[in-house]
Amino acid sequence: MDDGKITIKITIAQRIIEMTILKEWERYYREAEKIINDGFFNFAKQWAFKDHQDILSKLLIDVVVKNIECNERLQEYEEDLIPKMIELNELTDRIRID
């Protein structure tokens, strides 16, 4: 494709999915494929299920919860970092004046 996009096939829970993506994002999709399938098989070993949808739903919930927790930690980190950056900037300004 001329617009920087490619078509790839990934397999999720034994289902092949064809997607058109930005070429530079392929490694992210491949890593996502691995993470999803690893999680899928780990959940399948631990819980009883009627169909793949049950496991994929549990996996999706787990991924979203981890994402929320990660975003909260990053926000806390930024909140701690910003005052320190302001102090450092003020100190730098004072050093330039002297």
Any ion pair linking K58 and D62 (charged N to carboxylate O, less than 4.0 Å)?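 No, D62 and K58 are not salt-bridged.
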
Using a strict threshold of under 4.0 Å (side-chain N to carboxylate O), is an ion pair present between E26 and R30?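 Yes, charged N to carboxylate O under 4.0 Å.
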
With side chain to side chain contact (heavy atoms under 4.5 Å, CB included) as the test, pick out the partner of I86 among I82, N89, L88.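 Per the side chain to side chain contact (heavy atoms under 4.5 Å, CB included) rule, the option paired with I86 is I82, out of I82, N89, L88.
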
Between E18 and T7, does a side-chain contact (heavy atoms from CB on, under 4.5 Å) hold up when you go through it step by step? CA-CA 7 Å; E18 189 170 303; T7 300; 3.4 Å; yes

Straight-line distance of [X] [atom1] to [Y] [atom2], nearest 0.5 Å:
X   : Y   : atom1 : atom2 : value
D51 : L56 : CG    : CG    : 8.5 Å
I10 : I8  : CD1   : CD1   : 5.5 Å
E78 : M85 : CD    : CE    : 10.0 Å
K66 : N71 : NZ    : CG    : 14.5 Å
Q75 : D80 : CD    : CG    : 11.0 Å
I95 : E90 : CD1   : CD    : 12.0 Å

Should I6 and T20 be marked as a side-chain contact (heavy atoms from CB on, under 4.5 Å) after you check the CA-CA gap, both sets of side-chain angles, and the distance that decides it? CA-CA 5 Å; I6 60 171; T20 300; over 6 Å; no

Hey, is CD on E69 packed in by over 12 heavy atoms from elsewhere, all under 6.0 Å?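 Result for CD/E69: enclosed.
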
Do the ring planes of H52 and F49 sit parallel (below 30°), tilted (30 to 60°) or perpendicular (above 60°)?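 Tilted: the ring planes of H52 and F49 meet at 30° to 60°.
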
Looking at N67 and C70, would you say the former's side chain and the latter's main chain have a donor-acceptor pair under 3.5 Å?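 Looks like no, no N/O pair under 3.5 Å.
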
Are I36 and M19 in one and the same hydrophobic cluster, where Ile, Leu, Val, Met, Phe, Trp and Tyr link if side-chain heavy atoms are under 4.5 Å apart?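 I36 and M19: one cluster.
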
Say whether L59 and Y28 are linked into one hydrophobic cluster, either directly or through other cluster members, by side-chain heavy-atom distances under 4.5 angstrom.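 As far as the 4.5 Å side-chain criterion goes, Y28 and L59 are connected within one cluster.
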
Can you find a heavy atom in the side chain of I17 that is under 4.5 Å from one in the side chain of T11?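 A side-chain contact is absent here, since even the closest heavy-atom pair is not under 4.5 Å.
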
Closest heavy-atom pair and its distance - I12, E33: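 Heavy atoms of I12 and E33 come nearest at CD1-CA, 3.9 Å.
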
Provide the closest heavy-atom pair for N37 versus A13 in the form atom of the first, atom of the second, distance.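 Where N37 meets A13 most closely, the heavy atoms are OD1-N, 2.9 Å.
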
Report the residue from F40, W47, F41 that forms a ring pair (Phe, Tyr, Trp, His ring centres under 6.0 Å) with F43.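 So, applying the ring pair (Phe, Tyr, Trp, His ring centres under 6.0 Å) to F43 and each of F40, W47, F41, only W47 qualifies.
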
